[in-house]
Amino acid sequence: MLAARGANFAEIAGNRSEILVSALAASDWTPPATTKMLFLQPVLTQPRRHRFVFTVPVAGLANVLNEIARNGVTLEHVFDY
C-alpha cells in the first residue's frame, strides 16, 4: 500500500477535498478523529463486526489508512466519487 511506504496524497482523480472510505472493524472501534462518520451497519455474516463509512480529507488519507491498519481494521474501499 502506498501509504504504508510513506506516500501522501494531494489529489485523487482531481478530488482535493474529501474522499469516502469504508472499513470493517469490531463494533466498538472508533474511526480516527480527522474523519467524519457518515454511517455504520452491521455485517450480518460477522455479528461482532460493522462496516464504518466515513469521509476524510484527501490530504489526510495516508495517515488515516496507516492508523486503521495499525488497529487491525480491514480497509474495504476508498471511493473515488
Side-chain angles (χ1 to χ4, degrees):
M1 177 167 61
L2 291 172
R5 294 181 182 178
N8 288 308
F9 303 98
E11 73 175 56
I12 297 176
N15 180 3
R16 295 173 187 241
S17 59
E18 292 187 333
I19 196 146
L20 188 71
V21 176
S22 65
L24 302 174
S27 57
D28 62 349
W29 179 68
T30 302
T34 57
T35 66
K36 179 181 176 186
M37 187 69 175
L38 296 178
F39 67 90
L40 67 107
Q41 64 184 172
V43 177
L44 298 178
T45 57
Q46 300 175 34
R48 293 187 178 100
R49 292 175 62 89
H50 278 73
R51 174 174 290 107
F52 292 78
V53 180
F54 51 88
T55 61
V56 62
V58 170
L61 179 61
N63 290 335
V64 168
L65 294 177
N66 287 328
E67 187 174 334
I68 67 174
R70 280 192 301 272
N71 288 302
V73 174
T74 302
L75 174 66
E76 187 175 37
H77 197 87
V78 176
F79 293 88
D80 168 21
Y81 63 95

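Just so you know, these numbers use all the heavy atoms, side chains as well, and skip hydrogens, waters and symmetry mates.
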Check residues 25-48 and write down every donor-acceptor pair under 3.5 Å in which the side-chain atom is one partner and the other belongs to a residue at least two apart or another chain.
unit_1: Thr35; atom_1: OG1; unit_2: Pro32; atom_2: O; d: 2.7
unit_1: Gln41; atom_1: OE1; unit_2: Arg51; atom_2: NH1; d: 3.0
unit_1: Gln46; atom_1: OE1; unit_2: Arg49; atom_2: NE; d: 2.9

| message | For the CG atom on Leu2, are there more than 12 heavy atoms of other groups (residues, nucleotides or ligands in this structure) within a distance under 6.0 Å? | response | no

| query | Quick check: does any side chain N or O of Asn66 sit under 3.5 Å from a backbone N or O of Ala3, one acting as donor and the other as acceptor? | reply | yes

| message | Strictly by salt bridge (charged side-chain N to carboxylate O under 4.0 Å, His left out), give each pair with a member in residues 13-24 just once, sequence neighbours left out. | response | Glu11-Arg16

| task | Determine, step by step, whether Ile19 and Phe9 satisfy the side-chain contact (heavy atoms from CB on, under 4.5 Å) criterion, reporting the C-alpha distance in whole Å, the side-chain angles of both residues, the deciding distance to 0.1 Å, and the verdict. | result | CA-CA 11 Å; Ile19 196 146; Phe9 303 98; over 6 Å; no

| Looking at CD1 of Ile68 and CG of Leu75, how far apart are the two atoms once the value is rounded to the nearest 0.5 Å? | 4.5 Å

| Sole candidate of Val78, Asn63, Leu61 that passes side chain to side chain contact (heavy atoms under 4.5 Å, CB included) when paired with Val56 | Leu61

